[in-house]
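First comes the structure, then the notes that go with it.
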Amino acid sequence: MAIDYSYLDDAASQVAPIKETNNADMVNVTIRIDADCFLLCDGEFTEVELKAGKLSKVQLPVGQHLLEFVDLENSDLKMEQVVDWPELGKSYLVLVDGLEELIADYQAKKAKADAERKAKEEAERKAKEEAAKKEAERKAKEEAIRKAKARQDVTYTLSITGVQNHLQAMITLRALYGLGAADSKRKLAKLPMDIATTKSKNDALEKLKKLNAGGVIANVLAVNALGEIIDLKK
């Protein structure tokens, strides 16, 4: 089945043809505006760059048009003006004010927004620093408390390093730790050896005194929970 394209012809007939212009269809226009900008005519870029406060002479098409004066740095900032040049070859004057104020107002608002943004960022930065400082102080305090507690948690290890009198040593071990003769003999044969641990300093020193008085050469090693050796003489 053949496709009917006749509807395209109907649509094309409804589109107004573009009117080509030549120098005979142009008028001479002198323009002065209060800010540097680009000139657009009916939405088309004219390649004309206007300087603030200076008279610029250009040729533009005859008839009614919409002129747009667009800021060089921000295309969202622009002034619009409807013009009508009915007579060919005639000279026309276009004076535009307000673009400079529009740009200045935008820049002032942008500067204020930038300042507020920077102030907010600075406040957030300081808040983070303060929070980090407080967190560090909290951790340091917790660590100090932990270490203080750890230094108070001392383990006393009694060790036998030698024997002065085996019989007396065996009697002493039996009396202090309930060891039989066989156990005492076996342990005393493997010196040095740890015989006991305690959390009580008084108990450790008392047992040390009895061991040394009971035919045994012994000592006490005091170590806290941080692994630091404690000087019992202090």
Side-chain angles (χ1 to χ4, degrees), residues 71-77 102-234:
D71 178 39
L72 299 179
E73 297 181 358
N74 188 345
S75 60
D76 291 331
L77 301 178
L102 184 67
I103 294 173
D105 183 61
Y106 168 80
Q107 291 176 341
K109 289 180 179 179
K110 183 177 182 298
K112 181 180 178 181
D114 289 344
E116 290 175 348
R117 175 182 56 79
K118 289 181 179 179
K120 182 179 178 181
E121 290 176 350
E122 180 65 12
E124 291 176 349
R125 183 188 66 79
K126 288 183 177 180
K128 288 181 179 179
E129 287 183 352
E130 185 64 22
K133 181 180 178 181
K134 289 183 178 180
E135 179 65 11
E137 290 175 349
R138 182 188 67 79
K139 289 183 177 179
K141 184 177 180 179
E142 289 182 351
E143 181 65 9
I145 294 173
R146 183 191 71 80
K147 286 184 176 181
K149 290 181 178 179
R151 287 192 172 96
Q152 294 175 358
D153 182 11
V154 181
T155 299
Y156 302 89
T157 302
L158 287 138
S159 300
I160 297 175
T161 60
V163 178
Q164 293 177 329
N165 185 307
H166 278 81
L167 179 58
Q168 189 179 9
M170 291 171 66
I171 294 171
T172 300
L173 293 178
R174 182 181 182 85
L176 294 177
Y177 301 109
L179 296 178
D183 288 338
S184 294
K185 187 176 181 180
R186 185 178 64 254
K187 288 182 179 296
L188 292 174
K190 299 179 179 180
L191 300 181
M193 58 161 282
D194 295 338
I195 188 64
T197 59
T198 179
K199 291 291 186 179
S200 171
K201 179 180 179 180
N202 290 334
D203 180 58
L205 293 178
E206 183 180 346
K207 292 285 178 59
L208 176 64
K209 183 177 180 180
K210 289 180 179 180
L211 285 169
N212 286 331
V216 176
I217 301 173
N219 59 41
V220 175
L221 178 65
V223 180
N224 63 29
L226 295 177
E228 299 171 342
I229 297 176
I230 307 302
D231 187 354
L232 293 176
K233 295 179 181 179
K234 292 183 179 181

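- Scanning for side-chain hydrogen bond (donor to acceptor under 3.5 Å, both in side chains) contacts around Asn224 gives Glu228, with sequence neighbours left out.
- Under the salt bridge (charged side-chain N to carboxylate O under 4.0 Å, His left out) criterion, the residue pairs touching residues 152-162 are Asp153-Lys199, with sequence neighbours excluded.
- Partners of Ser159 under the side-chain hydrogen bond (donor to acceptor under 3.5 Å, both in side chains) rule, at least two apart in sequence or in another chain, are Asp194.
- A salt bridge links Glu129 and Arg125; the closest N-O separation between the charged side-chain nitrogens and carboxylate oxygens is under 4.0 Å.
- Annotation: salt bridge (Lys or Arg N to Asp or Glu O under 4.0 Å) contacts of Lys133 (sequence neighbours excluded): none.
- Taking Asp231 as the reference, Lys233, Lys234 meet the side chain to side chain contact (heavy atoms under 4.5 Å, CB included) condition, with sequence neighbours excluded.
- Between the CG atom of Leu221 and the CD1 atom of Ile229 there is a distance of 5.5 Å, given to the nearest 0.5 Å.
- Ala169 approaches Gly215 most closely through the heavy-atom pair CB-O, 3.8 Å.
- When the shell of 6.0 Å around CD1 of Ile145 is examined, it contains more than 12 heavy atoms from other residues, nucleotides or ligands.
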Please list, one pair per line, the donor and acceptor atoms closer than 3.5 Å that link side chains of residues 172-179 to other protein atoms, with sequence neighbours excluded.
unit_1, atom_1, unit_2, atom_2, d
Thr172, OG1, Gln168, O, 2.9
Thr172, OG1, Gly214, O, 2.9

Working note: Asp105 + Lys109, criterion salt bridge (Lys or Arg N to Asp or Glu O under 4.0 Å); need CA distance, chi angles, decisive distance, verdict. CA-CA 6 Å; Asp105 183 61; Lys109 289 180 179 179; 3.3 Å; yes
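- Taking 4.5 Å as the limit, every side-chain heavy atom of Val223 sits out of range of all side-chain heavy atoms of Thr155.
- Put simply, the side chain of Val220 does not reach to within 4.5 Å of the side chain of Thr157, judged on heavy atoms.
- Scored by the salt bridge (Lys or Arg N to Asp or Glu O under 4.0 Å) test, Glu121 finds Arg117 as partners (sequence neighbours excluded).
- The side-chain hydrogen bond (donor to acceptor under 3.5 Å, both in side chains) search around Glu116 returns none, not counting sequence neighbours.
- Listed by first and then second residue, the side-chain hydrogen bond (donor to acceptor under 3.5 Å, both in side chains) pairs involving residues 210-223 are Glu206-Lys210 (not counting sequence neighbours).
- Legend: residues meeting side-chain hydrogen bond (donor to acceptor under 3.5 Å, both in side chains) with Lys110, ordered by chain and number and at least two apart, are Asp114.
- With values rounded to the nearest 0.5 angstrom, Ile160 atom CD1 is found 14.0 Å from Lys190 atom NZ.
- For Glu137, there are no salt bridge (Lys or Arg N to Asp or Glu O under 4.0 Å) partners at least two apart in sequence or on another chain.
- Closest heavy-atom contact between Ala204 and Tyr156: CB-CB, 3.6 Å.
- The shortest non-hydrogen separation linking Val154 to Ala222 is CG1-CB, 3.9 Å.
- When side chains are defined from C-beta on, Glu135 counts as touching Lys139, because their heavy atoms get closer than 4.5 Å.
- In this view, Lys207 and Asp203 satisfy the salt bridge (Lys or Arg N to Asp or Glu O under 4.0 Å) rule, not counting sequence neighbours.
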Val163 vs Ile217, test: side-chain contact (heavy atoms from CB on, under 4.5 Å). Steps then yes/no. CA-CA 6 Å; Val163 178; Ile217 301 173; over 6 Å; no
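- Rounding to the nearest 0.5 Å gives a distance of 9.0 Å between OH of Tyr106 and CG of Asp71.
- With values rounded to the nearest 0.5 angstrom, Leu211 atom CG is found 11.0 Å from Gln164 atom CD.
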